[in-house]
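Atoms within each ligand, like the ligands themselves, are counted from 1 in listed order.
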Amino acid sequence: MLLDKDISHVLCSKEEIEQIIDRMADEINRDYKDKNLLIVGILKGSVVFMADLMRKIDIKCKIDFMAISSYGSSTRSSGEVRVMKDLSTDIKGYDVIIVEDILDSGNTLSHLKEMLKLREPASLKICTFFDKPSRRKVDIKADYIGKSIPDEFIVGYGLDFAEEYRNLPYVGVLKPELYEN
Ligand code: IMP
Ligand code: MG
């Protein structure tokens, strides 16, 4: 792949991604068997993960999307959260799982969680593919975690740098010279 040349090393291969998805879907299938499941993907980072995960979920569910932003084109969170696109579903009474690409400072998800709680879902959980626990600034934990990783800026599998590299089919660390200037 042409984008490979910008990657210094692979952090999560296609094969590992597949294993992680299988494991997470098993957990959700087990926990939500008799629930009223609504999966909420956070745009745009979660799209690839969401598409893979939902196809391994074999119980009845609905999906919706929301777009919020806390990052500009830099690699550090601003702490500010804006709703760019709201849900089209009234989540009241649903067992909601928020699907995110990565839990970093936790700013985005803690704001979002508070906001969605006011809409009275039956339950509200967080599912994130990646977790960077060492970077946490607010007290928040995900209920489903794909992989915990050290403090490195990663791209691919939906994750971007300045809106690029989302289409990389695995996850890698960008060569530092591409963003340090
Ligand atoms: P938080 O509010 O700091 O937890 O940031 C969460 C959001 O920051 C994610 O949804 C990503 O869009 C972005 N983000 C955090 N770390 C990375 C990374 O290593 N690569 C790409 N995006 C990241
Ligand atoms: Mg992003």
Side-chain angles (χ1 to χ4, degrees), residues 1 3-14 16-17 20-21 24 39-54 63-87 96-118 124-181:
M1 186 169 199
L3 293 175
D4 293 342
K5 65 171 187 350
D6 294 350
I7 302 301
S8 76
H9 60 276
V10 176
L11 195 121
C12 197
S13 67
K14 279 187 188 177
E16 189 180 356
I17 289 171
I20 291 171
I21 296 286
M24 294 182 99
I39 312 170
V40 170
I42 306 306
L43 298 171
K44 302 169 222 171
S46 75
V47 281
V48 188
F49 172 33
M50 180 87 165
D52 281 347
L53 183 69
M54 65 187 279
I63 68 161
D64 203 346
F65 289 96
M66 197 167 181
I68 51 181
S69 88
S70 70
Y71 267 52
S73 49
S74 88
T75 57
R76 299 282 152 179
S77 177
S78 65
E80 175 202 322
V81 179
R82 276 186 301 161
V83 177
M84 320 291 284
K85 180 215 170 285
D86 208 337
L87 298 170
V96 175
I97 301 181
I98 302 172
V99 174
E100 252 286 38
D101 51 0
I102 187 165
L103 182 53
D104 187 33
S105 73
N107 281 322
T108 313
L109 279 176
S110 69
H111 279 93
L112 184 67
K113 221 179 158 182
E114 289 318 304
M115 195 170 104
L116 294 185
K117 261 190 206 161
L118 300 174
L124 184 59
K125 298 247 159 123
I126 292 174
C127 172
T128 186
F129 196 92
F130 289 106
D131 186 20
K132 278 188 198 167
S134 66
R135 297 248 311 148
R136 206 72 92 250
K137 290 207 194 79
V138 295
D139 182 28
I140 185 163
K141 280 196 189 80
D143 303 281
Y144 302 95
I145 297 168
K147 183 173 178 155
S148 286
I149 60 167
D151 181 11
E152 279 183 301
F153 193 79
I154 54 171
V155 294
Y157 198 63
L159 288 145
D160 72 303
F161 170 63
E163 294 299 328
E164 294 179 327
Y165 303 100
R166 294 194 197 275
N167 54 323
L168 196 70
Y170 59 90
V171 178
V173 175
L174 210 53
K175 288 183 177 159
E177 63 264 31
L178 289 168
Y179 60 89
E180 278 165 7
N181 51 36

Taking atom [atom1] of [X] as the centre, report whether more than 12 heavy atoms of other residues, nucleotides or ligands fall under 6.0 Å from it.
X: K113; atom1: NZ; answer: yes
X: D4; atom1: CG; answer: yes
X: K125; atom1: NZ; answer: no
X: K141; atom1: NZ; answer: no

Could you walk me through whether D52 and Y157 pass the side chain to side chain donor-acceptor pair (under 3.5 Å) test, one step at a time? CA-CA 10 Å; D52 281 347; Y157 198 63; 2.6 Å; yes

Within the structure, does G106 bring an N/O atom to less than 3.5 angstrom of an N/O atom in ligand 1?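 Indeed, backbone or side chain, G106 has an N or O that close.
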
Say whether I154, considering both its backbone and side-chain N or O atoms, lies within less than 3.5 Å of an N or O atom on ligand 1.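 Among all N and O atoms of I154, at least one is under 3.5 Å from an N or O of ligand 1.
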
Mark up the atoms of ligand 1 that fall under 4.0 Å of a heavy atom belonging to [X], in ascending order.
X: K132; result: 16 (N), 17 (C), 18 (C), 19 (O)
X: D104; result: 1 (P), 3 (O), 4 (O), 5 (O), 15 (C), 16 (N)
X: E100; result: 10 (O)
X: E152; result: 19 (O)

Could you report the tightest heavy-atom contact between I145 and A142, atom names first, then the distance?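 What the structure gives for the nearest pair is CG1-CB, 3.7 Å.
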
Ligand 1 versus [X]: contacting region, heavy-atom distance under 4.0 Å:
X: K137; answer: neither
X: T108; answer: both
X: R135; answer: neither
X: D101; answer: side chain

Answer yes when D6 and K175 have at least one side-chain N-carboxylate O distance shorter than 4.0 Å, and no when they do not.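 The answer is no: the pair does not qualify as a salt bridge.
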
Indicate yes or no: does R166 engage D101 in a salt bridge with an N to O separation below 4.0 Å.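 No, this pair does not count.
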
D160 heavy atom under 4.0 Å from ligand 1: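 The answer is yes: ligand 1 sits under 4.0 Å from a heavy atom of D160.
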
